[in-house]
2 protein chains.
Amino acid sequence: MDKRKAILEAAVELIGAKGYTHTSMQQIADSVGISKGSLYSFFPSKEDLIISIYEHYQQLVFERAFVIGLDGDLPPYERFAKQFQVQFEGILEYKSYMKMHMRGETAQSSEKLESMGHRMRGRLFSWLERNLIDLYGENISPYKWDLMWMTQSIYTSYTGLMISSESNLSPKELGQHIVRQIDILANDFLSGNSRPLLDDDMMRPFSVGMDREGAFMSFEKREEAWKAIYERVNTLEEEKQYNLEVTNRISEESRKSNPDELVMRGLFQLLKENQKLKTAAEALEEQLL
Amino acid sequence: MDKRKAILEAAVELIGAKGYTHTSMQQIADSVGISKGSLYSFFPSKEDLIISIYEHYQQLVFERAFVIGLDGDLPPYERFAKQFQVQFEGILEYKSYMKMHMRGETAQSSEKLESMGHRMRGRLFSWLERNLIDLYGENISPYKWDLMWMTQSIYTSYTGLMISSESNLSPKELGQHIVRQIDILANDFLSGNSRPLLDDDMMRPFSVGMDREGAFMSFEKREEAWKAIYERVNTLEEEKQYNLEVTNRISEESRKSNPDELVMRGLFQLLKENQKLKTAAEALEEQLL
DNA sequence: GAACTTCTTGACTCATTAGTCATTTTACCT
DNA sequence: AGGTAAAATGACTAATGAGTCAAGAAGTTC
């Protein structure tokens with residue numbers, strides 16, 4: 001019984017529905033079925049609770065897309081669409097969290113949350129940038145901010161649509177739709193018909209480079225580990241396909257809201273049979289388990 | 001000495017900067033330089049205050065674009081762009097209000113505010129729809145929701161960019177940019193390359209007014225009457241400012257859920273004093289009462 | 001300038017809620 | 001069963017802030 005997780009889930013549910021200020025610690029405690037004092041033994045303050053919520057859910061939603069991004073087998077266009085798809089699947093799975101996130105109302109300007117938000121936006125943009133360059137090469141550069149900005153706004157608003165209504169928008173179709181629209185806009189820019197409006201200087205607040213480390217260290221280590229294993233797998237001569245499948249299966253399992261630990265261990269065992277993958281596999285296993 | 005207006009402005013400033021829940025009535029009173037008791041003689045509650053803010057600023061920002069929309073002299077494409085431009089100009093002028101609006105955090109689910117928000121969204125969409133049909137004719141219909149949705153999201157996110165940064169985005173360029181992007185996407189739909197994702201059924205929550213019997217028709221007549229009065233007022237040589245203020249006050253009152261009929265009649269009487277406004281004022285009065 | 005009206009004030013009430021801590025309950029060990 | 005450590009409880013404190021109202025200030029009229 002992971003009470004901490006139960007609290008996070010109850011809190012997300014309530015805050016997503018009623019907002020941060022209109023959800024009291026008492027209500028959260030009641031909803032989990034524990035006392036307020038007990039709640040405070042897990043989280044020293046309400047602000048800490050909301051920060052923990054973000055820390056808990058952020059990668060759950062975003063890590064998925066990143067992993068797909070590392071899969072070198074898919075052609076760029078399909079990979080990009082697949083990443084959106086996986087993102088939308090995550091959003092559907094964690095609807096309440098996304099609702100809470102999109103409300104955006106939190107404790108009055110917490111340093112920590114603000115820098116976290118900044119980092120997330122930066123991550124989103126650098127992910128988009130990487131995909132744009134994969135798709136169109138370096139000459140998309142002068143138009144990248146306009147494209148990224150429009151993409152981000154379309155993506156965000158479809159996210160809102162998904163979580164608010166009972167619309168049966170399919171993540172797959174939606175992913176393809178968005179990439180298709182980006183493609184049209186990008187080609188128009190590349191053909192020289194449209195002038196860009198945004199530039200590096202204007203978008204400085206959104207380009208987050210190597211600023212402070214901190215809360216996301218572990219997330220980044222995990223990214224590194226994923227990158228390493230995919231790189232190793234791709235250099236294999238024999239059994240490449242097989243090991244890629246195993247790795248993808250691990251990725252899939254790890255994306256579930258409740259990954260089966262035994263399944264994971266077993267899959268890692270399969271990877272570790274191959275001497276060339278052993279180290280990388282162990283490193284990733286340590287990060288995930 | 002319009003104290004009411006001063007309160008609205010101070011409140012918008014504070015709420016835009018710190019959010020609704022983190023702005024106390026005391027702070028608002030202090031900022032205007034009056035006492036809390038005095039504040040409560042203008043607005044019976046905090047919720048009433050925020051509702052009045054919306055009532056006051058809504059048309060100040062949006063009315064402009066509607067008036068341009070009724071101008072038949074400009075070709076559709078330019079007219080559409082011009083409408084965006086005017087909208088963005090309004091946004092720049094009322095930055096604090098837009099900040100407040102985009103925060104979106106208000107009293108916990110006020111009936112009144114919710115229906116107001118719904119009406120505004122509906123208005124935005126029907127305005128977009130009219131422009132799309134003017135531009136592309138009826139055969140844009142199957143794709144209208146996708147186009148409107150993307151347009152709205154791009155529009156909103158550029159609005160956010162405008163009010164948050166010191167970016168010197170020019171309203172004119174921005175208007176042209178947005179219409180240009182819509183055009184590209186629309187042409188792609190029309191050429192049959194992309195499939196639409198959204199349909200009437202899905203978007204029912206956003207289509208307002210059209211289904212309720214003649215509501216839309218009378219709405220248009222009313223728009224005509226508004227357009228006429230504003231045009232007349234703007235051609236005045238003397239007392240233009242005064243009559244503009246009266247007209248704005250009528251507009252404000254008419255948007256309340258329970259407009260005070262006597263106040264309205266009195267205001268119209270003021271307008272009718274001016275011979276040049278008499279006919280237009282009477283026409284509008286008939287529409288509203 | 002007195003009598004009267006209207007406007008303005010800020011100290012007060014009352015409800016809410018974050019956070020604390022002495023006390024009780026449960027879990028575990030021998 | 002008895003003893004001890006750990007966990008859970010909820011009554012309590014303190015702060016905040018919406019909304020009230022009696023008393024005082026300012027304005028108006030004759």
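The chains referred to below are lettered A, B, ... by the order of the sequence lines, with proteins before strands, and numbering in each begins at 1. Keep in mind the model is a prediction, meaning the values are calculated, not measured. In what follows, every heavy atom counts, from backbone to side chain, and hydrogens, waters and symmetry copies are set aside.
Taking the six-membered ring where the residue is Trp, the centroids of A:His101 and A:Tyr57 are separated by 6.0 Å or more. In this structure, the ring of A:Phe84 has its center no less than 6.0 angstrom from the ring center of A:Tyr158.
Rounded to whole angstrom, the span from the CG atom of B:Leu49 across to the C1' atom of D:dG19 amounts to 14 Å. Atom NZ of A:Lys3 and atom C1' of C:dT26 are 11 Å apart (whole Å). Distance CG (B:Leu39) to C1' (D:dC21): 16 Å, rounded to an integer number of Å. Rounded to whole Å, atom C1' of D:dT9 lies 12 Å from atom CG of A:Asp30. Across the protein-nucleic acid pair, B:Phe42 atom CZ and C:dC7 atom P stand 9 Å apart, rounded to whole Å.
One finds no salt bridge joining B:Lys278 and B:Glu273 here, because no Lys/Arg side-chain nitrogen approaches an Asp/Glu carboxylate oxygen to under 4.0 Å.
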Could you go through A:Leu92 and A:Met98, starting from their C-alpha distance and side-chain angles, then the distance that decides it, and tell me whether this counts as side-chain contact (heavy atoms from CB on, under 4.5 Å)? CA-CA 9 Å; A:Leu92 277 183; A:Met98 287 309 296; over 6 Å; no

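Judged by distance alone, with hydrogens and angles left aside, the side-chain atoms of A:Ser31 form no donor-acceptor pair with the main-chain N or O of A:Gln27 at under 3.5 Å. Counting only distance, with no hydrogens or angles, the side chain of B:Arg232 and the backbone of B:Ala280 share no donor-acceptor pair below 3.5 Å. Put simply, the side chain of B:Lys36 never gets that close to the backbone of B:Asp30: no donor and acceptor are under 3.5 Å apart. Of the possible donor and acceptor atoms, none in the side chain of B:Ser38 sits under 3.5 Å from a partner among the backbone N and O of B:Ser35. Here the side chain of B:Asp48 pairs no donor or acceptor atom with the backbone of B:Pro44 at under 3.5 angstrom.
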Shorter than 3.5 Å, N or O on both sides, protein versus nucleotides 22-25 of chain C: list them out with atom names.
none

Please tabulate the protein-to-nucleotide N/O contacts below 3.5 Å involving nucleotides 13-18 of chain C, giving atom names and distances.
from, atom 1, to, atom 2, distance (Å)
C:dA18, OP1, A:Lys46, NZ, 3.0
C:dA18, OP2, A:Met25, N, 2.8
C:dA18, N7, A:Lys36, NZ, 3.4

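Among A:Ile51, A:Leu8, A:Ile50, the single residue meeting the side chain to side chain contact (heavy atoms under 4.5 Å, CB included) criterion with A:Phe43 is A:Leu8.
Two end axes, each from the C1' atoms of five base pairs, can be drawn for the helix from C:dG1-D:dC30 to C:dT30-D:dA1; they diverge by 0°, to 10 degrees.
Rounded to the nearest 0.5 Å, atoms NZ (A:Lys99) and OG (A:Ser164) are 8.0 Å apart.
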